[in-house]
Amino acid sequence: MNAALTVRSWFIASAAAAALSGGAVSASKPAPLDWKTATAGFAEGEQRTPMVFNMKDAARCSGRWMVHAGALGYGTFPEPAADAFTEQLQLPAAMNAVDFFITEDRDHPASRDGADEADRLLGLALAGDAAAARTYFDNLGLCSTRPEMVQDVTAMAVDAAATTQQQTDASPVELPSDDFDEPVNQQRLAFVEMFAGRLRDGAPVADLLKPQIFFVYLVESECSAVTTGHVDLLPASDVDSGFPFEATYTWENPDCTVPPELDSIEAFNLRAIMSRWNTIKIQVEDHNFDVFYFKDEGRDDYLLISIEPHGDTYAVSQIEYRLEMF
């Protein structure tokens with residue numbers, strides 16, 4: 001999950017170029033881009049979307065959507081572009097696409113290639129290059145996750161619709177076997193069970209969170225490498241819609257394959273992640289009964305959920321996502 005989003009590098013480069021030229025750009029200022037025509041490339045690319053994605057293509061798509069989701073999150077696109085975007089090109093759907101195409105055994109070089117290509121095309125598009133803009137959106141269309149594209153897949157492919165559809169079977173919630181005889185602990189368990197049930201059903205959870213929460217992200221991979229990130233004051237509504245955040249790659253083993261950029265923009269969508277879980281097993285993590293461990297035994301990721309009193313009930317104050325990729 002270390003494909004770097006380099007949209008910010010384009011801003012730095014363009015700012016430097018403007019500074020070196022003394023800001024004299026009016027003579028060569030490009031004509032305004034027709035964003036409606038440019039974004040039509042998405043529909044054209046979508047018509048050519050493969051029914052099945054192999055691992056390399058899926059990784060390349062993850063890089064493309066990372067760039068797009070990050071650009072949306074940072075307000076990179078001008079207002080005419082945002083007005084031309086269909087729902088699939090807006091932030092919630094873009095975040096879902098990033099999460100879908102990121103697999104645990106992702107082809108990282110292919111993902112970086114996709115991100116670098118998208119970053120280059122987006123930079124040109126923002127500078128007024130209509131052909132680059134059309135190609136940028138055409139490439140996103142090739143990475144569409146439209147729901148009607150359902151087909152059996154091989155072991156080395158990704159079903160392009162698997163995570164865009166609601167689960168038809170409710171995943172059971174396994175409650176902890178710890179002692180919840182105390183009334184206050186029963187209240188905590190009832191709240192946590194309700195929160196887990198919302199996650200299981202793909203329902204919004206923002207109303208069960210504090211207005212702003214602390215988010216932690218930690219992915220451990222081979223050769224003692226770790227990708228970490230956090231958001232100190234994350235709006236509760238972002239947990240439902242998905243959000244970008246800054247992450248950093250660190251490593252200890254000199255044999256690690258180190259990405260070209262250690263700082264990246266990652267995307268997190270809790271609802272999309274939970275749609276892949278079959279069960280939610282709940283355990284209590286501390287004697288105060290305010291940190292709970294959510295786990296699907298068949299997966300390598302898990303959640304640590306912290307709660308605290310909020311009015312006459314409780315609210316989630318911290319969500320920590322961890323993934324062990326080794």
Nearest-0.5 Å distance that lies between atom [atom1] in [X] and atom [atom2] in [Y]:
| X | Y | atom1 | atom2 | result |
| --- | --- | --- | --- | --- |
| S111 | K56 | OG | NZ | 11.0 Å |
| M274 | F294 | CE | CZ | 7.5 Å |
| M66 | M95 | CE | CE | 10.0 Å |
| I307 | Q187 | CD1 | CD | 10.0 Å |
| R322 | L303 | CZ | CG | 11.0 Å |

Using the rule that Ile, Leu, Val, Met, Phe, Trp and Tyr join whenever any side-chain heavy atoms are under 4.5 Å apart, tell me whether [X] and [Y] fall into a single cluster.
| X | Y | result |
| --- | --- | --- |
| I319 | F191 | yes |
| V291 | F214 | no |
| F292 | M194 | yes |
| V239 | L323 | yes |

May I ask you to check whether H230 and Y321 place their ring centers less than 6.0 Å from one another? no

Please set out all donor-acceptor pairs under 3.5 angstrom arising from side-chain atoms of residues 202-213, sequence neighbours excluded.
residue : atom : partner : partner atom : Å
D207    : OD1  : R198    : NH1          : 2.8
D207    : OD2  : R198    : NH2          : 3.1
K210    : NZ   : E308    : OE2          : 2.8

Can a donor-acceptor pair be found, under 3.5 Å and without considering hydrogens, that links the side chain of [X] to the backbone of [Y]?
| X | Y | value |
| --- | --- | --- |
| S144 | G141 | no |
| R64 | N139 | yes |
| T76 | L72 | no |
| D296 | N278 | yes |

Contact check, side chains of [X] and [Y], non-hydrogen atoms, under 4.5 Å:
| X | Y | value |
| --- | --- | --- |
| R60 | F101 | no |
| L122 | F77 | yes |
| P235 | F243 | no |
| V219 | V226 | no |
| T250 | T248 | yes |
| L270 | L199 | yes |

Can you tell me how the ring of F215 sits relative to the ring of F245, calling it parallel under 30°, perpendicular over 60° and tilted otherwise? perpendicular

Parallel, tilted or perpendicular, judged at 30° and 60°: which one describes the rings of F42 and W65? perpendicular

Does a salt bridge link D301 with K295, judged by any charged N lying under 4.0 Å from a carboxylate O? no

Does this structure show an ion pair linking E44 with R134, if we count only N-O contacts that are shorter than 4.0 Å? yes

For the residue pair S306 and Q318, confirm or rule out a side-chain donor-acceptor distance under 3.5 Å. no

So, applying side chain to side chain contact (heavy atoms under 4.5 Å, CB included) with N96, which one of N269, T145, L91 is it? N269

Set of ring-ring contact (aromatic ring centres under 6.0 Å, His included) partners for F137, sequence neighbours left out: F85

Pairing residues for Y293 by the ring-ring contact (aromatic ring centres under 6.0 Å, His included) criterion, not counting sequence neighbours: Y302

